[in-house]
Each structure stands twice: as structure tokens, then as C-alpha cells.
Protein chains: 2
Amino acid sequence: MLTDRQLFILQAIVDDYIHSAEPVGSRSLSKQDGISYSPATLRNEMADLEDMGYLEKPHSSSGRIPSEQGYRHYVDHLLLPHTLSRKEIQNMRSLFAKKMMEAEQVVKQSATILSDLTSYASIVLGPEVFESKLKQVQIIPLNENAAVAILVTDTGHVENHTVSLPELLNSSDLEKIANILNDRLEGVPLYQLQKKIMTEVSGLLKQHVNSYQDALAFAEETLQKSKQEKVFYGGKTNLLSQPEFKDVDKIRMIFELLEEDHTMHELLKPDQNGLMIRIGQENANEAFEDCSIISATYSFNGNPVGTIGIVGPTRMEYPRVIGLIEHLSKDLSIALTNLYTNRG
Amino acid sequence: MLTDRQLFILQAIVDDYIHSAEPVGSRSLSKQDGISYSPATLRNEMADLEDMGYLEKPHSSSGRIPSEQGYRHYVDHLLLPHTLSRKEIQNMRSLFAKKMMEAEQVVKQSATILSDLTSYASIVLGPEVFESKLKQVQIIPLNENAAVAILVTDTGHVENHTVSLPELLNSSDLEKIANILNDRLEGVPLYQLQKKIMTEVSGLLKQHVNSYQDALAFAEETLQKSKQEKVFYGGKTNLLSQPEFKDVDKIRMIFELLEEDHTMHELLKPDQNGLMIRIGQENANEAFEDCSIISATYSFNGNPVGTIGIVGPTRMEYPRVIGLIEHLSKDLSIALTNLYTNRG
DNA sequence: GTTAGCACTCAATATGTTCGAGTGCTAAAT
DNA sequence: ATTTAGCACTCGAACATATTGAGTGCTAAC
């Protein structure tokens, strides 16, 4: 078990290292304000902390840096909740002050704000509003072979894609199909659309449209949902300013990983509601072994729908970043919920 | 004026340096296949080429590297048109083999292919189809305060945005407005929409809708066009593998510039139809002083609508990249044109 | 339990040496 | 009049060798 003094010293070392990025030695530490022990005493305690795995030495005669376990302990037990500065709060307010009309806009803007405030890279998983419901389907024929299908949800989200037109369907068929879809599927959650084709729509199609097979296939194509794995980044280049990433190979691995939307989605998918902190190897990915990820889910109407997070070096300003993310994820939830419920 | 032999030597040096990234010396050059001069002779010629500004020495006793003027001369006069390999052509074919239905998809895919084939970064300015015409306007009310406006063009492009609903407009007004807009504006090119509001729509609105002011403002908001400055990138991380960018500061400047969509748009905007090659400082941007950009416009129905290009080190495989870009921009133009005219 | 003192370690830095691929110049060969 | 061989010279890269200084561990005194 750690003594109070050891905890205090551990905290001082982490705090120092987070800001200096240099190994912390006993001499310089003892000179710090608020520390009244001699270098020798500190050396003893530091040696103990190292034995217990909280500190590491880059080489035998250097100062100490926190180990991953050290960061973990710092984050779990020592972290003082960081009160955001007036300016930071002001900055975030300004984000939601602009009257933004669209969720994607709000989310993108959040990513930018977060990376600007932290000088790390921000990652935001776009809002996956599962329970958003179909408001209307539009089928707009472009010519004989193609039409545009447009799905609008009650949250104002619009999806569109081009679909090919089976030759056997004429424009009156299209109208019928569109009417049936709108009639039967309004208010159905998007994720249930494909299912409901069979139960709700198929029968009616058979009844009213001649080439039933084509019509059914067409309806399915129309309602197909685009993959919702959108990942937004803010300030990726910020990482290039961090001393731990001055090595091009490291940064290349990281950037390559960030480009894999799918992997990032897996990595950040809200496995639990609330704040998540992954330090170094906890990320279970070689490219991120020197990175920490702090993320939080944001909600819509009380249900988590997306994730907002920060990627930075393990030597991260945890207190500040945690404060910012907690605040921003809450604000974002409120903003999104307001965006749609103020209207309805 | 350069002698034939000097041209030949210049070409050999550029070719060598492009592949080795190492300064080319007289001894190693003379050993190359196809070169029958002694090192001493080459030295004399190289000294002359240096005096004339086509070559440079990194330091006094090193081999030569091409100067920007050297590259320029190489590109303008020496370049052998590179015949694409079977595999390259096959790769590009596969791009257009997949039956893609949407322009944006095709364009993004082109960017990926291009960066994969070259190991440089590709940049594509999205298709700005000026003469694309309005097919249909949809106004879908979400609730009392907001509606979604959807514009569909004859090319299948869909734009949507949320607009706020003036209180004085009821749903029957909305329907009237939508009808008027569709009636009067179908077939009008997008870029003329705002103008036509006054000439075509304003009178009818006054006639049929009570709160004329609101209706007019609403119509304007509905028809507002989103800024079309889309820039797509492919393989940005490829640049991190180039030896000239092993310095993090350089790469940071480049990446920061690439993130400024607007600047990149300015830089690549099709000032002239056809192929553009900018070498080093010709890019008039400090961040790109060690980069070359090769780009070409692609067309829709014979009118240039976008740009596809490559950013790489000045030491670029010009012949190959030029071949690829010329080919791809043509294929892209054909694909886009087919995409829409096969249908109509 | 705390601290001063001391010998030791090791990265970073500076300094020196060698090596080799390169150059320019001159004189001989073609 | 070119071309080439020969030679002295240059300079970065690579390696070895001090020097420095902030740091450590250990022991003994406080």
C-alpha cells in the first residue's frame, strides 16, 4: 500500500512530467514549490515507487517517468477535478451559441473546438440515432434507368442514394410504391425498415404492382441504409507537435490507423456509458502504445448515440482533458436534444 | 543552348535521382547502362549544366541533384511519355468496373486508386457541375419550427439542409411554395436559382401566399446552395514514407496546408484546361517548396468540372504520374458523362 | 526517519579521425 | 579539339574518444 507521502510524490512527478516531457529527477523535484523534502529522501521514495511499478527510468542514471500503472493510479485516485477556466467555458459556449441546424454540423464543430482547446487530436463518432424514425420517403426518377431515393427522418437527417430502375416499373408504379412505403412505414425506426418490408409492404406490393419481384427488390434498394460509421477528426496535425511523435515512423502508424474508420469505430464504440480512459497498451493496438485515449459518450434523449474523444500521448494533461470532455459531452447531449425537441 | 549530349546527361541524372533519392556522381553515372562516357567527361558536362542552372550540389564535393529549373526542363522537353503497365491499366479499369451510381463515390474512389498506384498523396476537387439543373424541390416539415429542404438535380445530386419555419406560414402555404418553386424552377441551373427567385417566383408568391415577406425569405433559404468546395484526399500518409519528409516539421506544414480546403481549392482550381505541373517554389507556398503538384481537370459533357492531382516530393516520378493522371482524368470524365447520359 | 556526502552511471555534446565518393584541374592521349 | 587518366583536394558520414552534468544508489552521520 502506498503512504500518503508516496502518493503526494507520485502526483507531483506525474504533474511535472506531463508539462515538461522530461524525466523528473530528485534534485529538481525537491526545488519545486510545495515540496519540502531533500533530494535524498525523494530518491528513497522514488526507488520504492519504482519497485512497486509506478515509475520507470528511461536509463539507469536518469530521472523517473510515470509508468502506465503510474498514470492509471494517478487517473483513478489522484486526479483533482480540473475546474475549467472562464476562457475555456466561453469557448465551448460559443460553439453552441451559433444557431446550428444540423446534427452533423454540431458534432463536427465539437471536434474542432476540442482539438483547438487541447492541442491533441479529437475523434468524434457521428450520432447514430437508432430510434430516429422514418418521416418520409421520396423517389425521384431521373430518367429511364435511375432514380434518387431520399429518406428523411424525424430528426431531420436526410439520406439519399441513387437506385437503378428496373425496366418493368413505370412511373405510375413508382408512385404507388412510394405511397405504400410512406403509408406503411412512417414512424418506423430506421433500423427496422428492412425487416418491415416483408411484414408490412410485401403484401400490398403484390396487390397493387404488376411486376412484384422487381418492385420488392426496388423497395429494398430504396430503404437500404447507408453504413453509419462516420468518424470525424479534429486537429490531427496537433499530434505532430508533440515531442513523443517526432519520429516519422510512429506518427505514420498512428495516422494509418486513424484512417481506418472501421477500426477507430470499434475502438471507441461506447461499450459503457460515461467516461473511458485508455492508457498506452490498454488500447490493445501497437500503433497506440504511446497514446492515451479519453472519450465519453454523448446522448440524445437520454440514450447514448455517439462518442467524443481525444487521442494524445500517454503524457497527457489528464485533468484538463477529462474536464473538457465531460463538459463538452454533456453540452453536446443537451444541444442535440434541444435541436430536435425544441422543434417538436 | 544545350547540346544533345547535355540533354541526354541531364535526363540520365534526373531519372537516376528520381529513383535513388541520392545525389548522382560522375563515377556512378558512367557505370550506368547506356552511358559510354568516362567520369571525367561527365564531370565537365555536369559542371556546365550546373553553371547553366540545371543541376545543383548539396555541398561542394557531392554529386549533383536536379535544380527546379532542371526538373522543369526535364518535364517540358525530355519526358518520354510513359506507357502504363498492363497492371496499372487493369487497376484503373477495376475502378470503373464496379457499377457506381454516384458521382461522389466515383471521385473518391479515383483519389484512392491514384494514391495507391503512386505512393504519393492524391487530391481531388469534387465535381462542380455548374450547369446541373434543378429537378425537384422538396420541403418536408419536421415540426412547427423546422423543415428539411431537399434539392435534387438532373445529375442525381442531392442537397439538403434544415431551414427554420416562419410562424406565419402554415402547411398549406408550404405546399403552395413548393409547388410554385417546382413549377417555375425545374430545369434552371443551380447557380441561377437565387437570381430567378425575384424574376420568376416573387410575383407568384405575392399572389398566392399571405405573408409574402416570410414566404420570400423562406424560399431564399430553401434554395441556398451549399458551398461546393469539397476536397478529397487519398493516401496522405504515403507522404510520410518519402525520405524528403522525414522531418516532422516539414510534414506538419504540409499537412496543415492540406487541411485548409479553401487554400487547396485555390491552388488547384482549374485555371487552364488540361495538365498542370507545378514544381517546388512554383507552388508559391512555403509549405510546398519541396513538393511538386501534378494535376489535370476532368470534365462532364465536355466542360471541366473538377481537378484530380498528385502531391509528392519534387523528386517525383514525373513520367509515370503524368501518364496515370492523364489516363485517369480522361477515364473519369468518360465515367461521369456516362453515368448521367446513359440514363437520360 | 531524514539528510549530506560520495562514487558511479549514462545520455548528450563536443572533438577528432578515418573513409570514400565526389570534385576540379592539368596534362597526356586520341 | 575532344576525351580521358591522374592527382590533389573537399566534405559529409560514420565511428571512436573525451567532457559534462543531471541523475542515481549507498553509506554514514544527524
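Reminder, nothing fancy here: chain letters follow the sequence lines and each chain counts from 1.
Between the CG atom of A/Leu42 and the C1' atom of D/dA22 there is a distance of 15 Å, given to the nearest Å. To the nearest angstrom, C1' of D/dT2 lies 8 Å from CZ of B/Arg5. In this structure, A/Ile35 atom CD1 and C/dT2 atom P are separated by 14 Å, rounded to whole Å.
Sequence neighbours left out, the pairs with a member in residues 243-257 of chain B that pass side chain to side chain donor-acceptor pair (under 3.5 Å) are B/Glu244-B/Arg315, B/Asp249-B/Arg252, B/Lys250-B/Asp290.
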Listing time: all N or O pairs from protein to nucleotides 26-30 of chain D that are below 3.5 Å?
none

What protein N or O atoms touch nucleotides 13-18 of chain D N or O atoms at under 3.5 angstrom, if any, and at what distances?
none

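With B/Asn283 contributing its side chain and B/Gly280 its backbone, the two residues share a donor-acceptor pair below 3.5 Å. Between the side chain of B/Arg320 and the backbone N or O of B/Leu117, at least one donor-acceptor pair lies under 3.5 Å. Side chain of B/Gln6 to main chain of B/Thr3: a donor-acceptor pair is present (N/O by atom type, distance under 3.5 Å, no hydrogens or angles).
Residues of residues 10-24 of chain A that place a heavy atom closer than 4.0 Å to DNA chain D do not occur. Listed by residue number, the members of residues 45-69 of chain B with any heavy atom below 4.0 angstrom from DNA chain D are B/His59, B/Ser60, B/Ser61.
Residues satisfying the salt bridge (Lys or Arg N to Asp or Glu O under 4.0 Å) test with B/Glu326, not counting sequence neighbours, are none.
Looking at A/Asp261, A/Val124, A/Thr112 one by one, the single match for side-chain contact (heavy atoms from CB on, under 4.5 Å) with A/Tyr233 turns out to be A/Asp261.
When side chains are defined from C-beta on, A/Ile18 counts as touching A/Tyr318, because their heavy atoms get closer than 4.5 Å.
Ring pair A/Tyr54/A/Tyr74: centre-to-centre distance not below 6.0 Å.
A salt bridge links B/Glu282 to B/Arg72: one of the charged nitrogens lies within less than 4.0 Å of a carboxylate oxygen. In this structure, B/Glu45 pairs ionically with B/Arg5, as a charged nitrogen and a carboxylate oxygen lie closer than 4.0 Å.
Nearest heavy atom pair, residue B/Leu114 against residue B/Gly309, reads CD2-O, 4.0 Å.
Residue A/Asp4 places its CG atom among 12 or fewer non-hydrogen atoms of other residues, nucleotides or ligands, all under 6.0 Å distant.
Residue B/Ser26 places at least one side-chain N or O closer than 4.0 Å to OP1 or OP2 of C/dT23. Phosphate contact (OP1/OP2 of D/dA22, side-chain N/O of A/Ser28, threshold under 4.0 Å): absent.
Comparing B/Thr41 and A/Arg27 by the nucleotide of DNA chain D whose heavy atom lies nearest to each, the residue mapping closer to the 5' end is B/Thr41.
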- Task: Dump the intermediate steps for side-chain contact (heavy atoms from CB on, under 4.5 Å) on A/Arg278 and A/Met276, then the final yes or no.
- Result: CA-CA 7 Å; A/Arg278 291 227 194 88; A/Met276 192 193 68; 3.5 Å; yes
